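One structure is given here, and the rest of the page talks about it.
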Number of protein chains: 2
Amino acid sequence: MATMKSAGAGRPGRQPTIIDVAREAHVGVMTVSRVINNYDTVKPVTRAKVMSAIARVGYRPNDAARMLKGMRARMIGFIVPDLSDFFSSCFHAAQKVAMQHDYQTMVVATGRSAAVENRQLDSLGNHRISGLLIVTSGGDGQRLKHLQESGIPVVALDRPVAGLDADAVLVENREGAEQGVRHLIEHGHKSIACVGFDGDVFTVRERIEGYKQAMRAAGLEPQVFADIQSLERMEELVGRWSNTKKKPSAIFAAQRISSIRLIQALHRVGLRVPQDIAVVGFDDFELADVLGTPLTVVSQSPTSLAQSAAELLFKQIEQAQQESGTEHHPAKIIFPTRLILRASCGCSPKA
Amino acid sequence: MATMKSAGAGRPGRQPTIIDVAREAHVGVMTVSRVINNYDTVKPVTRAKVMSAIARVGYRPNDAARMLKGMRARMIGFIVPDLSDFFSSCFHAAQKVAMQHDYQTMVVATGRSAAVENRQLDSLGNHRISGLLIVTSGGDGQRLKHLQESGIPVVALDRPVAGLDADAVLVENREGAEQGVRHLIEHGHKSIACVGFDGDVFTVRERIEGYKQAMRAAGLEPQVFADIQSLERMEELVGRWSNTKKKPSAIFAAQRISSIRLIQALHRVGLRVPQDIAVVGFDDFELADVLGTPLTVVSQSPTSLAQSAAELLFKQIEQAQQESGTEHHPAKIIFPTRLILRASCGCSPKA
DNA sequence: CTGAAAGCGCTAACAT
DNA sequence: ATGTTAGCGCTTTCAG
């Protein structure tokens with residue numbers, strides 16, 4: 001093997017520090033610091049000397065030391081309920097933006113627990129992150145407010161945080177749901193039920209609202225089942241329908257997991273889609289088009305969503321570094337949805 | 001609103017420090033430090049006084065300052081190619097273990113790029129993490145070796161890292177694939193092809209090896225298509241089969257994404273499973289049982305895998321804190337797979 | 001068992 | 001344009 005990289009003239013075995021670099025470059029430590037931080041008051045020749053010295057001794061700035069002086073780490077927090085398909089797409093998009101800015105990303109999945117979210121938020125406070133992207137699990141807005149007040153930009157993703165005045169990047173849940181349900185109504189359905197996995201979640205609440213709006217506008221009676229949290233409960237619900245006469249002729253599934261559970265349950269109970277029952281789901285997924293019956297969905301774009309959010313965040317981070325006085329006026333960005341027609345709604349499958 | 005939490009007797013507006021706590025508790029700073037770090041040389045009464053003072057002033061230790069003194073952050077790194085279904089399950093399991101130890105998790109998705117992996121590995125070096133869990137994207141073993149040598153425990157997950165002697169938690173890829181292929185052979189198939197998304201990846205290579213072994217053991221000719229990286233290429237491949245007479249009668253898909261692409265392609269080209277062509281895939285997924293034809297798979301358990309890996313990691317972290325001299329003897333844990341029979345292999349769907 | 005002093009590596013605030 | 005000094009909050013000596 002080749003010789004180990006020399007640790008410079010300093011103590012052997014230890015990471016080189018700016019002092020080692022300063023010695024090597026025959027300049028003061030402050031000059032080195034200025035080079036590292038891209039101050040423009042360094043003569044190009046000096047800068048070059050320092051740069052070369054940095055490379056020669058293999059110096060890497062010590063984040064801990066900078067943070068001690070009040071600087072924040074080049075790291076953003078990313079808090080989500082879980083890393084299911086949708087949120088992991090969000091993560092990839094956000095991380096991509098972070099990497100472009102040379103930031104790392106610290107991920108926390110709360111497991112959909114507000115308590116865990118709160119606990120982790122407290123932990124995050126100690127890590128001197130530069131900013132936070134959060135899909136809330138219903139945690140405490142106060143904690144976030146404190147973070148904000150202590151100078152950490154926060155952007156809400158997918159859902160607003162109650163009691164927090166922050167940038168938010170959301171989806172047209174209500175309108176999207178309305179459009180999906182309206183499509184079922186246009187197919188002639190009169191009895192349309194709505195199933196959801198967790199009616200407490202903002203996005204689901206909104207979609208259910210959209211569903212109700214569409215139903216009422218058509219003079220139809222909403223039938224909401226907002227908390228079907230397992231395949232078993234879904235089977236129970238669907239089974240009840242298949243046995244009685246008052247089976248709805250169509251169903252709107254308010255989130256991805258509901259669509260999946262619904263399809264699984266329908267499959268097990270032996271109801272055919274769309275002949276026995278038509279289905280439209282909210283949120284698209286990879287396999288939606290190779291299911292027994294390809295699923296019609298209201299689709300959203302997790303990557304654009306998260307990319308916007310991350311860009312908003314870094315805009316704030318950069319501003320915060322310059323002028324700390326100005327009041328930030330929270331931005332709200334709302335992304336539209338798109339109805340993707342496949343077979344489950346009753347449309348004939350087309351090429 | 002209630003009164004803001006007082007910042008103690010120190011400078012108002014700033015986070016309280018151990019000095020504030022010491023003053024409040026009428027003890028020296030060192031005593032406070034000892035309490036925080038659970039030294040057992042503190043009289044219970046003193047400890048109580050300090051604890052109460054800590055609570056009163058709302059003190060939270062400053063990680064940056066501790067790290068300056070050479071301690072590592074209560075944070076582990078988690079590097080993966082992406083956060084697809086499989087790896088996000090891994091993440092959840094690993095984070096759960098980390099949280100139990102009161103550690104945070106820093107996630108990096110490399111996008112399957114060895115270059116990104118290397119770059120991020122360098123970044124990680126500055127963050128003084130306590131340990132690293134890595135599913136390599138083919139990055140440089142040397143960098144990891146340096147991390148290890150600088151005292152950061154590393155555990156390889158799902159794939160070993162070339163040129164690195166570290167704990168590893170793997171899956172019986174070869175045996176699992178063999179079993180899956182053997183099952184197809186038992187169904188009477190003679191012409192069985194194997195498709196993969198990326199033949200360079202360790203796990204896929206191993207599974208292909210298992211496939212070949214099973215084929216050769218039965219005196220059959222292996223037909224490997226190891227780099228079908230898109231739906232288009234898969235459709236092309238499948239289309240070619242449907243037009244000629246030398247169509248294989250069964251296919252073994254070496255990874256999840258291959259199974260999915262294969263099924264999509266088969267669906268588009270109009271080949272029925274298992275009548276026209278039987279399929280067995282490696283790695284189970286949520287919707288495998290509600291596809292047009294429920295998919296038979298060789299399943300692995302991402303959560304047990306990642307949990308073991310995380311536990312191994314924390315075992316090392318704890319050891320490293322105590323005795324730094326002892327040589328670590330790398331552990332290898334290999335998890336078995338399980339063949340889940342559904343309909344795509346030709347078995348009749350059963351209740 | 002407890003305390004006082006000396007830095008860890010860096011940067012803000014002053015020199016020069 | 002560059003150098004010097006004084007800490008940031010904590011823990012590691014070393015003394016009580």
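This is a predicted model, so every value here is computed, not measured.
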Q | Phe202(B): ring-ring contact (aromatic ring centres under 6.0 Å, His included) partners, not counting sequence neighbours | A | none
Q: Round to a whole Å and report the spacing from CD1 of Ile19(A) to P of dC8(C).
A: 7 Å
Q. Taking side chain as C-beta onward, heavy atoms only, is His127(B) less than 4.5 Å from Gln104(A)?
A. yes
Q: Can you tell me the distance, in whole Å, between the CG atom of Asn37(A) and the P atom of dG9(C)?
A: 17 Å
Q.
dT2(C), OP1 or OP2 - any side-chain N/O from Thr31(B) closer than 4.0 Å?
A. no
Q: For Asn62(B) and Arg128(A), work out which heavy atoms get closest and say how close.
A: ND2-NH1, 3.9 Å
**Q.** Whole-Å distance separating the CZ atom of Arg47(A) from the C1' atom of dA1(D)
**A.** 12 Å
(Q) Would you say Arg66(A) places a side-chain N or O within less than 4.0 Å of OP1 or OP2 belonging to dC10(C)? (A) no
Q. Whole Å only: how far is the CZ atom of Arg60(A) from the C1' atom of dC8(C)?
A. 19 Å
**Q.** Distance in Å, Met75(B) CE paired with Met106(A) CE, rounded so as to fall on 0.5 Å steps
**A.** 6.0 Å
Q: Indicate yes or no: does Asp82(A) engage Arg112(A) in a salt bridge with an N to O separation below 4.0 Å.
A: yes
(Q) With side chain to side chain donor-acceptor pair (under 3.5 Å) as the criterion, how do Gln120(A) and Thr110(A) come out once you've worked through the C-alpha distance, each side chain's angles and the decisive distance to 0.1 Å? (A) CA-CA 8 Å; Gln120(A) 295 292 314; Thr110(A) 66; over 6 Å; no
Q) Between Arg23(A) (CZ) and dC10(C) (P), how many Å, whole number? A) 13 Å
Q. Would you say dC8(D) has OP1 or OP2 under 4.0 Å from some side-chain N or O of Thr17(B)?
A. no
Q: Using atom CD of Gln15(A) as one end and atom P of dG9(C) as the other, report the distance to the nearest whole Å.
A: 9 Å
Q) Are the charged groups of Asp122(A) and Arg119(A) less than 4.0 angstrom apart, N to O? A) no
Q) 5'-most contact on DNA chain C: Leu68(B) or Lys43(B), nearest heavy atom basis? A) Lys43(B)
For nucleotides 12-16 of chain D, tabulate all protein N/O to nucleotide N/O atom pairs closer than 3.5 Å, reporting atom names and distance.
{"unit_1": "dT12(D)", "atom_1": "OP2", "unit_2": "Tyr39(B)", "atom_2": "OH", "d": "3.3"}

Q: Select base, sugar-phosphate, or nothing to describe what Val29(B) touches, counting heavy atoms under 4.0 Å on all strands.
A: nothing
Q) Side-chain N or O of Thr41(A) less than 4.0 angstrom from OP1 or OP2 on dT2(D)? A) no
Q. Roughly how many Å is it from CZ in Arg128(A) to C1' in dC10(C), rounded to a whole number?
A. 14 Å
Q | side-chain N/O Asn62(B) vs dC8(D) OP1/OP2, d < 4.0 Å | A | no
